[in-house]
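I have placed the structure first, in the form of structure tokens, so that the comments after it can refer back to it.
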Amino acid sequence: MNGLTSVSGLQNYQKALENVTDLNKSSVLGTQSSGKQFGDYLTDAVSSLNSNMKTMDEGTTDMIKGDQSDLGSIMTKMTETQLLLQTAVQVRNKCLDAYNDLKNMQF
């Protein structure tokens, strides 16, 4: 049962990433142009991270108060939020590295 839950959770995570980034098979093949800018993608990703963190905080608070008794769903939400935060930090680091590379270029 736990394996099925994690597989469906990964599929939901993949669908959420596709929705946030507007990436799907047709856009990978170059047949779709969404017209979104990098800043739009970044704003959507940060908004998604913020909403996931709020949901995780509410679930944790409910668990502490005794209003919620499903520890598994809370732990799943915490893990998803942790992965999203780690991804956001890595994207920030890559953006800073790219900026520093451009800044240090000699023309």
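If you read the sequence from its start, that first residue is 1, and numbering goes on from there. Atom set for the values below is all heavy atoms of this structure, side chains included, hydrogens, waters and symmetry mates excluded.
Both Met63 and Met75 sit in one connected hydrophobic cluster of ILVMFWY residues. Membership requires side-chain heavy atoms under 4.5 Å apart, directly or through other members. Hydrophobic clustering (side-chain heavy atoms under 4.5 Å, transitive across Ile, Leu, Val, Met, Phe, Trp, Tyr) groups Met56 together with Leu71. The cluster map of Ile, Leu, Val, Met, Phe, Trp and Tyr, joined by side-chain heavy atoms under 4.5 Å apart, puts Met78 and Met53 in different clusters.
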* Could you give me the CA-CA distance, side-chain angles and deciding distance for Asn100 and Lys103, then say whether side chain to side chain contact (heavy atoms under 4.5 Å, CB included) is met? => CA-CA 5 Å; Asn100 287 329; Lys103 185 177 73 170; 3.6 Å; yes
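Side-chain contact between Asn93 and Val89 is present, with at least one heavy-atom pair separated by less than 4.5 Å. Contact check for Leu96 versus Arg92: side-chain heavy atoms found under the 4.5 Å cut-off. Here the side chains of Gln37 and Asp40 are in contact, with some heavy-atom distance below 4.5 Å. Looking only at side-chain heavy atoms (C-beta outward), Asp70 and Gln68 come within less than 4.5 Å of each other.
With values rounded to the nearest 0.5 angstrom, Thr81 atom OG1 is found 10.5 Å from Asn50 atom CG. Atoms NZ and CG, on Lys54 and Asp57 in that order, are 10.0 Å from each other to the nearest 0.5 Å. To the nearest 0.5 Å, the span separating NZ on Lys36 from CG on Leu42 amounts to 11.0 Å. Atoms CD and CD, on Gln86 and Gln90 in that order, are 8.0 Å from each other to the nearest 0.5 Å. To the nearest 0.5 angstrom, Glu80 atom CD is 13.5 Å from Leu85 atom CG.
No donor-acceptor distance shorter than 3.5 angstrom exists from the side chain of Asn52 to the backbone of Leu49, with no hydrogens or angles considered. Remark: side-chain polar atoms of Ser48 are not paired, donor with acceptor, to backbone N or O of Asp44 under 3.5 angstrom.
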